[in-house]
Protein chains: 2
Amino acid sequence: MFTIGKASEQSGVNIETIRYYEREGIVPKPGRSAGGRRLYSSDEIAKLRFVRRCRDLGFPISNIQTFLSLTPQYDRSCGEVRTMAENHLGEINAKIENLMRLREALLSLSKNCDDGTADCPMLDALMKDGFGDGLHEQSSC
Amino acid sequence: MFTIGKASEQSGVNIETIRYYEREGIVPKPGRSAGGRRLYSSDEIAKLRFVRRCRDLGFPISNIQTFLSLTPQYDRSCGEVRTMAENHLGEINAKIENLMRLREALLSLSKNCDDGTADCPMLDALMKDGFGDGLHEQSSC
DNA sequence: GCTTGCTCCTGTAGTCACTACAGGAAGTAG
DNA sequence: CTACTTCCTGTAGTGACTACAGGAGCAAGC
């Protein structure tokens, strides 16, 4: 059994975050030592690691809770997991697309700054009417 | 002069968000009508629109506050704006890269789900040791 | 046995950029 | 005058943590 510090080290989850996960019921409450300290088994640490990896992959906690509730009956879970992963992939793709459009917009704004005149063309353009409205709607390009 | 509803419509900033910007000192307090309602000039609405566009471009509020403080003396601002825009571009590029790596990881995880066996290989892999640790460090690929 | 220093405890508040809601007042149209 | 809409203030909630205050447990050295 490991204290929270070791569990944090081994799982890669911050100590404060572990306590937060416990408070929120995302991971089960661990046992305690005589002095009241949390004690984690290797399985519990593996669960923390699992949560961290899912978070690293960008899954929201709500998804991870579903994952954790599914894991005992693996045989049913695969379809659900796949659906959630696909939804998540869709969101990631949308985010990438948005960021790339945003990058283009920024580049086109800031390259004008090279001309050395007194005014800043970038702020100018942002102040004017009509630029960049509807940046996040897919109709305009 | 326009009420907050019209200002919201014309600037594209939510009513609650306008009040939030005022509370936080991001935009100056507008005048009030006899009955105590906020009244916005076209200039103030333009400022709100400017804030929204910058937010759409992903700038944090702190940057936008700098932009707004710079705009009166345009002649000095261009360099600073460009620096901030370039920093911001760097962050956007990093985000895009991370998301793309993340997409690859997810794809490679979820495509195994096709094989129709009872266990979910995706959750399996995430539970195991060694997968995906250091996803967000740039050393690993 | 005692001190030092580290780790841990609880509980609360702060982060970012909003968003939502409750309970009431002002303004407008018929 | 009534009904309806818009607005007001103030507070709390969102997601996923992070930080801090003030105190307690624990191990090692003297």
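Proteins get letters first, then strands, A, B, ... in listed order; numbering begins at 1 in each.
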* Structure fact -> chain A vs DNA chain C, heavy-atom contacts under 4.0 Å, first-to-last nucleotide span, 5' to 3', is C:dT7 to C:dT10
* Asked: Given the rule in the side chain to side chain contact (heavy atoms under 4.5 Å, CB included) test, do A:Ile61 and A:Tyr21 qualify, once you have shown the distances and angles that lead to the verdict?
  -> CA-CA 10 Å; A:Ile61 293 289; A:Tyr21 285 166; 3.9 Å; yes
* Under the side-chain hydrogen bond (donor to acceptor under 3.5 Å, both in side chains) test, residues paired with B:Thr3 that sit two or more places apart -> none
* To do: Using a cut-off of strictly less than 4.0 Å, decide whether B:Arg38 has a side-chain nitrogen or oxygen near OP1 or OP2 of D:dC7.
  => no
* Listed partners of B:Arg37 passing side-chain hydrogen bond (donor to acceptor under 3.5 Å, both in side chains), at least two apart -> none
Pairs: protein N or O with nucleotides 24-27 of chain D N or O, under 3.5 Å:
from   : atom 1 : to      : atom 2 : distance (Å)
D:dG25 : N3     : A:Arg37 : NH2    : 3.1

* Asked: Distance from B:Leu107 atom CG to A:Leu89 atom CG, nearest 0.5 Å?
  -> 5.0 Å
* Determine the minimum heavy-atom distance between B:Leu48 and B:Ser11, stating which atoms define it. => CB-CB, 3.7 Å
* Does the pair B:Ile26 and B:Gln65 meet the rule for a side chain to side chain contact (heavy atoms under 4.5 Å, CB included), with working shown? -> CA-CA 6 Å; B:Ile26 295 153; B:Gln65 280 176 309; 3.8 Å; yes
* Structure fact -> Heavy atoms of B:Pro30 and B:Glu22 approach each other most closely as CD-OE1, 3.5 Å
* **Gap separating the CE atom of A:Met1 from the CD atom of A:Glu44, nearest 0.5 angstrom** => 6.0 Å
* Asked: Is a side-chain donor or acceptor of A:Arg55 paired with a backbone partner of A:Phe59 at a separation under 3.5 angstrom?
  -> yes
* Does B:Thr3 place a side-chain N or O at less than 4.0 Å from the phosphate oxygens OP1/OP2 of D:dC7? -> yes
* Asked: How many angstroms lie between CD in A:Glu86 and CG in A:Asn93, if you round to the nearest 0.5 Å?
  -> 11.5 Å
* Axial bend angle, the helix from C:dG1-D:dC30 to C:dG30-D:dC1: five-pair end segments, nearest 10° -> 20°
* To do: Please work out which residues in residues 12-26 of chain A have a non-hydrogen atom less than 4.0 Å from an atom of DNA chain C and list them by number.
  => A:Ile15, A:Arg19
